[in-house]
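In this text the structure is predicted, and so the values were computed from the model without any measurement. No hydrogens, no waters, no symmetry mates; every other heavy atom, side chains included, goes into these values. Here is how names work: the chains are called A, B, and so on, in the same order as the sequence lines, proteins then strands, and each is numbered from 1.
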Amino acid sequence: MLKTRIIPCLDVADGRVVKGVNFVDLVDAGDPVEAARAYDAAGADEICFLDIHATHENRGTMYDLVTRTAEQCFVPLTVGGGVRSHRDVRDLLLAGADKVSFNSAAVADPDVVSDAADRFGSQCIVVAIDAKTVAPGEWQIFTHGGRKPTGIDAVEFARIVAAKGAGEILLTSMDRDGTRAGFNIPLTRAIADAVSIPVIASGGVGTLDHLVEGVTEGHASAVLAASIFHFGTFTIAEAKAHMAAAGIPMRLA
Amino acid sequence: MRVTLVDYDSGNLHSAEKAFQLMGRDLGAEVVVTSDPAVVLAADRIVLPGDGAFPACRAALDAVSGMAEALDEAVIRRGTPFLGICVGMQMLATTGHEYRRTAGLDWIGGEVVAIEAPDLKVPHMGWNDLVIDRPHPLLDGIATGDHAYFVHGWQFRVADPAHLLAHVDYGGPVTAVVGRDNIAGTQFHPEKSQAVGLRLIANFLNWKP
């Protein structure tokens with residue numbers, strides 16, 4: 001049986017982990033490669049790097065990080081942030097990423113998704129959707145870190161990118177991100193039920209029950225979290241044991 | 001020992017290269033990523049990775065001048081141990097049906113067909129537990145219940161059940177490992193399957209078919 005995945009996400013800026021990772025004694029808590037290794041050893045099902053500045057100048061730093069991570073971690077690695085074209089996808093795949101995530105570029109032109117999926121296969125193309133509640137049961141896409149409204153309906157957009165060949169959707173609730181109040185369940189469920197590709201729930205995890213809800217009520221195939229793991233509030237193993245106890249199929253160590 | 005990873009411009013070779021280097025270190029294995037048919041011919045072990053759509057991978061393989069002939073000579077005539085990964089495994093089949101009918105290498109009879117799972121998400125993406133169908137040196141130390149990482153929307157239905165070494169359950173049985181003689185393939189990514197995957201890679205390097 002396929003297992004539900006737990007994905008720790010590392011926000012990276014200029015080659016360093018933003019806020020650091022404090023759950024184990026790392027020699028350098030700000031080094032993304034060390035943090036990724038620690039999560040690999042802890043039993044993470046995948047690892048996600050998000051390049052939060054993603055300026056053209058620091059791309060080389062990101063490629064180097066991805067390369068060094070792929071040399072040491074034998075677990076799938078998704079990389080996002082500043083991915084604009086199939087050329088960026090190719091460069092990241094060659095560096096060692098397994099999946100590459102589009103965000104603003106897919107909103108500006110959903111054809112970048114089909115262009116990349118045709119070349120490299122749907123299995124490595126993720127579309128990150130940042131959505132905000134605009135009315136009950138209605139969510140819109142926002143870009144630029146949640147600051148810029150687009151007027152695009154999030155559920156409709158999810159259907160479009162799935163049809164364009166995206167292999168997975170990384171769905172972040174901008175209302176919940178950073179609040180520790182739990183995933184936006186109605187949003188997660190609306191999108192997971194609207195598409196036939198896997199959806200990763202993101203944004204708002206504060207407790208282990210939130211992870212459970214993302215799957216049982218939100219219908220997500222995977223759950224992504226950052227701070228609860230980075231600050232050592234919970235370990236990956238604790239999260240997995242809790243989800244398994246709730247009846248969710250998990251890969252336990 | 002020289003291990004060759006065939007580079008035909010398809011997907012992530014870096015991770016596979018590093019995983020084979022790591023497991024080959026104690027064996028003194030030299031891992032070479034190459035698109036040179038002569039290097040493939042001289043190899044002691046051949047690995048064919050592959051990501052993306054079946055027709056695109058097949059076309060890319062054929063686009064490397066002399067590669068199909070070199071693989072045929074090395075694997076079929078000389079019996080060099082061979083491992084296909086993901087679409088590199090699917091291409092062992094007689095025919096692929098993704099997008100359009102495409103001829104495979106036809107080294108292991110069968111068809112590559114869509115995963116039929118109406119109530120399940122496709123691609124089949126993530127960790128699934130293996131069911132070992134028949135013992136094989138490649139699966140030494142790997143047991144039913146061990147997890148491997150999959151990401152694919154199509155699967156290899158082998159014609160002869162004797163060639164099915166392991167499967168997983170996803171809306172029905174989905175082929176995970178195939179093999180006959182000196183030829184084997186995994187639908188999952190051993191280079192992304194942590195300890196289980198590294199074990200399979202070590203087994204492949206030690207395999208004497």
Testing the basics here: between [X] and [Y], what is the closest heavy-atom pair and its distance to 0.1 Å?
X      : Y      : answer
B:S15  : A:D98  : OG-OD1, 4.3 Å
B:V122 : A:I197 : O-CG2, 3.5 Å
A:P198 : B:M125 : CG-CB, 4.2 Å

A side-chain contact here means heavy atoms from C-beta on lying under 4.5 Å apart; do [X] and [Y] qualify?
X     : Y      : value
B:E17 : A:E71  : no
A:P76 : B:W127 : yes
A:V75 : B:K192 : no

So for atom [atom1], which belongs to [X], do other residues, nucleotides or ligands contribute more than 12 heavy atoms lying within a distance under 6.0 Å?
X      : atom1 : result
A:R90  : CZ    : no
A:R37  : CZ    : no
B:R134 : CZ    : yes

Reported [atom1]-to-[atom2] distance for the pair [X] and [Y], which is rounded to 0.5 angstrom:
X      : Y      : atom1 : atom2 : answer
B:H147 : A:L252 : NE2   : CG    : 7.5 Å
A:F74  : B:M23  : CZ    : CE    : 9.0 Å
B:H14  : A:T69  : NE2   : OG1   : 9.0 Å
A:E46  : B:Y149 : CD    : OH    : 3.5 Å

Side chain, backbone, both or neither of B:S193 within contact of chain A (heavy atoms, under 4.5 Å):
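Just its backbone gets close to chain A.
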Where does B:V151 contact chain A at under 4.5 Å (heavy atoms): side chain, backbone, both or neither?
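Both parts, heavy atoms under 4.5 Å.
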Non-hydrogen atoms of chain B under 4.5 Å away: do they reach the side chain of [X], the backbone, both or neither?
X      : result
A:T67  : both
A:A41  : neither
A:C124 : neither

What residue in [options] has the most heavy-atom pairs under 4.5 Å with chain B?
options                   : value
A:C73, A:A95, A:A222      : A:A95
A:S196, A:G121, A:S122    : A:S196
A:M1, A:R5, A:E168, A:Q72 : A:M1
A:S221, A:G96, A:G43      : A:G96

What I want to find out is whether A:K3 reaches B:D129 closely enough, with some N-O distance under 4.0 Å, to be called a salt bridge.
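Answer for the salt bridge query: yes.
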Using a 3.5 Å distance criterion without hydrogens, assess whether the side chain of B:K121 forms a donor-acceptor pair with backbone atoms of A:V199.
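No, because the side chain of B:K121 does not come within donor-acceptor range (under 3.5 Å) of the backbone of A:V199.
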Mind running side-chain contact (heavy atoms from CB on, under 4.5 Å) on B:D51 and A:F120 for me, showing each step along the way?
CA-CA 7 Å; B:D51 287 322; A:F120 309 111; over 6 Å; no
